[in-house]
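Convention: sequence-line order gives letters A, B, ...; per-chain numbering from 1.
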Amino acid sequence: MDVRVRYAPSPTGLQHIGGIRTALFNYFFAKSQGGKFLLRVEDTDRERYTDESLQDLYDTLEWLGIKWDEGPVVGGPCGPYIQSERFDLYKQYAEQLVRDGKAYYCYCSSERLEKVRQEQIASKSEYQGYDRHCANLTEEERKAYEAQGIKPVIRLRVPTEGKTTFHDVLMGDITRKNKDVSPDPILLKSDGFPTYHLANVIDDHLMGVTHIMRAQEWIPSGPLHILLYEAFGWEPPVYCHLPMVMGKDGQKLSKRHGSTAVRDFRAKGYLPEAIINYVTLVGWSLDGSREFFTREELEKCFTMEGIHKAPAVFDYKKLDWFNGQYIRAAENSRLAELVTPYLIDAGFVSDPVTAEEKELIDRLVPSVKERMKVLSDVVDLTRFLFRDVPVEDKSVYVSKGSDIDKTAEALAKGSAILLSGLREGKDESSIEESLVELSKQLEVKVNGVFQPIRVAITNSTVSLPLFDSIRLLGLEETEKRINRSIRLFEENHNG
RNA sequence: GUCUCCCUCGUCUAGUGGUUAGGACAACGGGUUUUCAUCCCGUCAACGCGGGUUCGAUCCCCGCGGGAGAUGCCA
């Protein structure tokens, strides 16, 4: 049997970590089995649907490099793959169920349903859900409702006796008494659209889906879906419920834990390979020790057995670590391209970049890549190259263990050594030696000499390596900034 | 409330009827280094609890506790 799995998101919001994790698991499982990965858009909720969400779905999967074998855009033998385009289908199947006595029309208004719900809660009796008010209407009663112009919904007739079991690859058998299954859930809404349960089961069957890998939040409705398969006389697929992705507080990961939209991670400068790698490791492992995987490797070595049962907390810091690792491993030319939009957004370079700017970006990448966790870090790291905001507070120039006078002297003498050395073309290590020598004379730590010079040049105590900074800034600008700082100290001294 | 699922360091996880319970992130400390990073080394840190079964349980069984999810004309 050829494996066919699907990712079936609802375009009612941006693609988030949890959703994409499900997509990845399905995708990797399909690839590892030589099967097919389908994409199906479950846009049956007209209230919450947005075009933006749908576009975000496509954009996100493309960015991650996840291609679907069948689905919207690419088509396939079981299309259409967008549920709103299969509108008529669901109604037919739902009516068939009614004819077979497996489902029935319900004319209850949402007001009445709400009232029933409130009464059940208030009476402290068990909350039982729908009271099956319309389960056994006579033909006359139905006619009367129809005459009032009430549009009915179709509900599944859930048995009140017995129990239903389904098998989960990870969890084993999961059994639920039928009386505990949500009583008579709606299959077809009054607007004619199917609910998730109906559309999902019909499409999975019609599209030949063999394995359903979805989040554990669906476990409680597993028996209901089995009941539906039985009502249709269809063979249910293999189930594999994925552990949920949680936030630090142990609750389902959501916006209040931080960014969850993949689009936001992308904007901050996370690389797709880092997202894929880390997200796949949330709830899955190969052997407990290996943790670097490319997408291509996962397409081969992913296993269902490696999926964990327990929910897993999403660790933003570990993602950062992965991203840093991938940035450092990336080609400089690629990084230069990736970093450019951030420099443009910051207004540091023009859009599009000029040839000179491009050249500068190429040169700054090597020293910046060791220091970035996310691509957007490039802005703070290189600000001194594009914005000159001199440090006026002389105490900033003073390193630990030094003082104002020594700092002034270190700046004057040190920068003289530095600038003349650079002009004469001496190599950096010999200039560095001379500066270290100076620090000994002044009886300060090495940094007592370097810090004032660094602050003068980069306007900050935290910067790229000194010689890198100078090379990027240019000798002329370097000299200008140094002289300005020397003047600052002289003025202060005289005043 | 009811139903279902889950439970190894703070976090992600490996693992076995007998192990010094392993790795990674984080944290902390140290080294390299002109700052910050990177890199390297090290430290801290876990089998939820109580009963059984057993010569021996983290591992098998039962109970408890804790956590989560579901309970919609949302998925």
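Distance check on atom P: B:rU58 versus B:rU53 gives 15 Å, rounded to whole Å. With both ends at atom C1', the span from B:rU38 to B:rC47 equals 35 Å, rounded to whole Å. The gap from the P atom of B:rA21 to that of B:rC55 amounts to 23 Å, rounded to the nearest Å.
Phosphate proximity of B:rA68 to A:Gln251: present, with a side-chain N or O under 4.0 Å from OP1 or OP2. Checking the phosphate oxygens (OP1, OP2) of B:rC74, no side-chain nitrogen or oxygen of A:Thr12 falls inside 4.0 Å. Side-chain nitrogen and oxygen atoms of A:Lys309 include at least one within less than 4.0 Å of the OP1 or OP2 phosphate oxygen of B:rC6. Between A:Thr44 and B:rA75, a side-chain N or O to OP1/OP2 separation shorter than 4.0 Å is present. The phosphate of B:rA14 has OP1 or OP2 within less than 4.0 Å of a side-chain N or O from A:His308. At the phosphate of B:rA70, OP1 or OP2 sits under 4.0 Å from a side-chain N or O atom of A:Lys252.
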Verdict with reasoning, A:Tyr49 to A:Ser84, per side-chain contact (heavy atoms from CB on, under 4.5 Å): CA-CA 11 Å; A:Tyr49 169 86; A:Ser84 59; over 6 Å; no
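With RNA chain B read from its 5' end, the first of the two nearest nucleotides for A:Phe450 and A:Tyr278 is the one closest to A:Tyr278. Between A:Gly250 and A:Arg176, the residue whose closest nucleotide on RNA chain B is further toward the 5' end is A:Arg176.
Geometrically, A:Arg471 does not engage A:Phe467 in a cation-pi contact, judged by NZ or CZ lying under 6.0 Å from the ring centre and within 45° of the ring axis.
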Listing time: all N or O pairs from protein to nucleotides 37-42 of chain B that are below 3.5 Å?
unit_1	atom_1	unit_2	atom_2	d
B:rA37	O2'	A:Glu370	O	2.9
B:rU38	O4'	A:Glu370	O	3.4
B:rU38	O3'	A:Arg328	NH1	3.4
B:rU38	O2'	A:Glu370	OE1	2.7
B:rC39	OP1	A:Gln325	NE2	3.2

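Ring centers of A:Phe322 and A:Tyr270: at least 6.0 Å apart, outside the cut-off.
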